[in-house]
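Shown next, in structure tokens, is the structure this report addresses.
In this text the structure is predicted, and so the values were computed from the model without any measurement. Numbers here simply count residues along the sequence, with the first being 1.
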Amino acid sequence: MKRFTLEKFLDQRNPFSHILYILITMVVIIMFAIKNRDSMTFGDIISFFLLGLVQLEIFIYIARMIFKDLNTSIAGRELTRMVLIRFVMFITLCFVASFVIILLFELVLGYLKGAEASVIISNFFRNDFNGWLKSTLGGLTFGGILFIVIQWQDALKREQKLREENLVFQNETLKSQINPHFLFNSLNTVSSLIQSDPEKAEQFINNLSSVYRYVLENGQKDMVPLQSELDLLNRYFDLHRVRDEEKISLTIDYTDAGDYRIIPVSLQILLENAIKHNAATRQSPLKISVFFDDQHIVVRNNLQKKATQLKSTGIGLRNLSERIRLVMGKTLIIEENDNYFTVKIPLSK
């Protein structure tokens with residue numbers, strides 16, 4: 001059985017929603033009539049039923065207009081702020097709409113009885129305004145509590161879904177970084193260095209073990225200090241530099257990482273992506289630069305694509321983009337022109 005969600009309840013294109021509105025209004029009016037059975041006539045009951053149904057339909061329409069384009073993929077604190085602002089707008093507009101509706105309702109009834117507009121309005125404020133105010137505030141309070149409960153339940157389910165998706169992407173990141181091809185090349189490099197330069201071989205092994213230890217320890221975290229990612233990037237680049245010597249270069253123009261935090265293993269993914277998809281020779285080296293730009297860490301490389309591109313799984317950038325969206329509620333910026341390929345990763349504090 002499909003769950004009847006708030007979105008379905010607000011969908012006025014669905015005939016079942018209008019049937020539900022009628023039933024809700026009937027229940028409220030019947031309870032009100034039982035409470036005031038000594039003073040209410042059948043005509044009063046019909047009038048209040050029509051008035052209540054019209055108000056509910058208009059309230060639902062206002063809610064749909066205010067909340068229909070709410071972006072639930074943004075960060076939690078920003079989402080809460082947007083929901084509260086729109087909720088205040090909703091309550092205010094509903095109160096104003098209710099006042100206009102009841103005033104028009106009184107004018108129409110008074111006009112049918114032959115009363116003048118000034119007398120109708122005067123009688124309303126003298127006799128009926130306090131009762132309308134109490135019932136309207138009570139109805140809006142009840143509706144507000146119901147809305148908050150539904151939003152809270154939806155938020156819990158949305159958070160659970162985001163956690164599950166994030167775990168999937170974290171697992172994909174871990175698997176993609178324990179790259180058999182890279183490990184095989186690294187072992188070949190160690191094998192050749194052991195005989196030619198044992199000291200360099202030892203340093204290479206230390207860097208290799210440090211990289212994989214970092215991935216295993218931090219790959220499942222949501223955020224890590226930026227400085228630890230920069231340290232990892234340097235160690236990972238050293239592994240490539242041993243093999244490629246002067247074919248690739250890395251420049252990090254970032255002296256103070258401060259309290260900034262970043263998605264783990266993100267810089268390594270971008271470095272590996274640049275090396276994987278671009279040609280690098282001593283005559284035309286691959287130049288990779290890392291620098292800070294407006295709350296982003298930027299990774300840029302000169303574009304010199306390989307003549308024969310390796311088959312790409314698309315896991316790297318897609319995975320990173322999705323993790324940033326899920327964890328931070330922000331967007332990974334990817335730019336490409338004839339000369340450079342640039343990726344901007346958002347930072348947080």
Side-chain angles (χ1 to χ4, degrees), residues 69-86 158-159 162 165-166 169-170 172-173 176-177 214-215 218-219 221-237 240 248-278 285-305 312 314-349:
D69 60 343
L70 185 64
N71 181 11
T72 58
S73 66
I74 60 179
R77 185 177 298 178
E78 180 65 17
L79 178 61
T80 301
R81 187 184 68 84
M82 290 182 63
V83 169
L84 288 176
I85 290 174
R86 297 190 186 203
R158 186 165 56 246
E159 183 179 356
L162 290 178
E165 290 180 354
N166 194 28
F169 286 114
Q170 285 176 343
E172 287 184 355
T173 296
S176 68
Q177 294 314 303
Y214 180 92
V215 172
N218 297 280
K221 295 179 181 179
D222 287 338
M223 304 287 287
V224 295
L226 175 59
Q227 187 59 57
S228 66
E229 280 290 299
L230 293 172
D231 293 341
L232 171 69
L233 185 65
N234 275 315
R235 290 193 295 269
Y236 188 70
F237 177 73
H240 283 279
I248 58 174
S249 66
L250 174 66
T251 303
I252 299 180
D253 185 12
Y254 204 101
T255 55
D256 182 15
D259 297 327
Y260 284 109
R261 299 177 68 81
I262 191 173
I263 298 291
V265 200
S266 53
L267 296 179
Q268 180 191 348
I269 289 173
L270 297 183
L271 177 61
E272 185 175 21
N273 186 73
I275 294 172
K276 179 179 178 181
H277 294 289
N278 290 275
L286 176 64
K287 299 178 181 179
I288 303 168
S289 57
V290 179
F291 55 93
F292 180 78
D293 179 34
D294 190 25
Q295 303 301 308
H296 289 77
I297 190 79
V298 182
V299 179
R300 174 178 293 163
N301 64 270
N302 56 324
L303 202 59
Q304 40 192 40
K305 294 182 179 180
S312 175
I315 289 178
L317 289 178
R318 179 180 64 85
N319 182 7
L320 180 58
S321 178
E322 284 300 309
R323 289 192 67 192
I324 289 173
R325 181 184 67 82
L326 293 173
V327 175
M328 305 179 67
K330 297 181 180 180
T331 303
L332 180 71
I333 301 173
I334 301 175
E335 301 171 348
E336 181 178 345
N337 56 35
D338 293 338
N339 298 316
Y340 296 101
F341 184 82
T342 305
V343 181
K344 299 180 180 180
I345 304 176
L347 302 172
S348 70
K349 281 195 172 182

State, yes or no, whether a side-chain contact exists between Leu267 and Ile345 at a heavy-atom distance under 4.5 Å. yes
Side chains of Asn302 and Gln304: is there a donor and an acceptor less than 3.5 Å apart? yes
Identify, with sequence neighbours excluded, every residue that meets side chain to side chain contact (heavy atoms under 4.5 Å, CB included) alongside Ser228. Tyr214, Val224, Pro225
Val290 and its side chain to side chain contact (heavy atoms under 4.5 Å, CB included) partner, picked from Ile252, Val298, Thr251: Ile252
Within-4.5 Å side-chain heavy-atom neighbours: Asn273 and Val299: no
Point-to-point distance, once rounded to the nearest 0.5 Å, from NZ of Lys330 to CG of Leu347: 8.0 Å
Can you measure from CD1 (Ile248) to CD1 (Ile275) and round to the nearest 0.5 angstrom? 4.0 Å
Using salt bridge (charged side-chain N to carboxylate O under 4.0 Å, His left out) as the criterion, list what pairs up with Asp293, not counting sequence neighbours. Lys344
Evaluate whether atom OH of Tyr340 has more than 12 neighbouring non-hydrogen atoms of other residues, nucleotides or ligands under 6.0 angstrom away. no
Does any part of the side chain of Leu271, heavy atoms only, come nearer than 4.5 Å to the side chain of Asn301, both counted from C-beta? no
Rounding to 0.5 Å, atoms CG (Leu286) and NE2 (His240) come to a distance of 10.5 Å
Count the heavy atoms of every other residue, nucleotide or ligand shown that sit under 6.0 Å from CG of Asn337, and state whether that count exceeds 12. yes
Taken to the nearest 0.5 Å, the spacing of Tyr236 OH from Ile269 CD1 works out to 10.0 Å
Is the closest side-chain heavy-atom distance between Pro346 and Ile324 below 4.5 Å? yes
Once you round to the nearest 0.5 Å, how far does CG of Leu332 lie from CG of Leu270? 7.0 Å
Drop me the distance from Asp222's CG to Met328's CE, to the nearest 0.5 angstrom. 11.0 Å
Could you walk me through whether Leu250 and Asn234 satisfy the side chain to side chain contact (heavy atoms under 4.5 Å, CB included) test, starting with their C-alpha distance in whole Å, then the side-chain angles of each, then the deciding distance to 0.1 Å, before giving a yes or no? CA-CA 8 Å; Leu250 174 66; Asn234 275 315; 4.2 Å; yes
Check whether any side-chain heavy atom of Asn218 lies under 4.5 Å from a side-chain heavy atom of Leu232, and answer yes or no. no
Can you list the residues that meet the ring pair (Phe, Tyr, Trp, His ring centres under 6.0 Å) rule with Phe237, with sequence neighbours excluded? none
Will you find, in the side chains of Gln295 and Tyr260, an N or O donor that is under 3.5 Å from an N or O acceptor? yes
Kindly indicate whether the side chain of Phe341, heavy atoms from C-beta on, has any atom under 4.5 Å from the side chain of Arg300. no
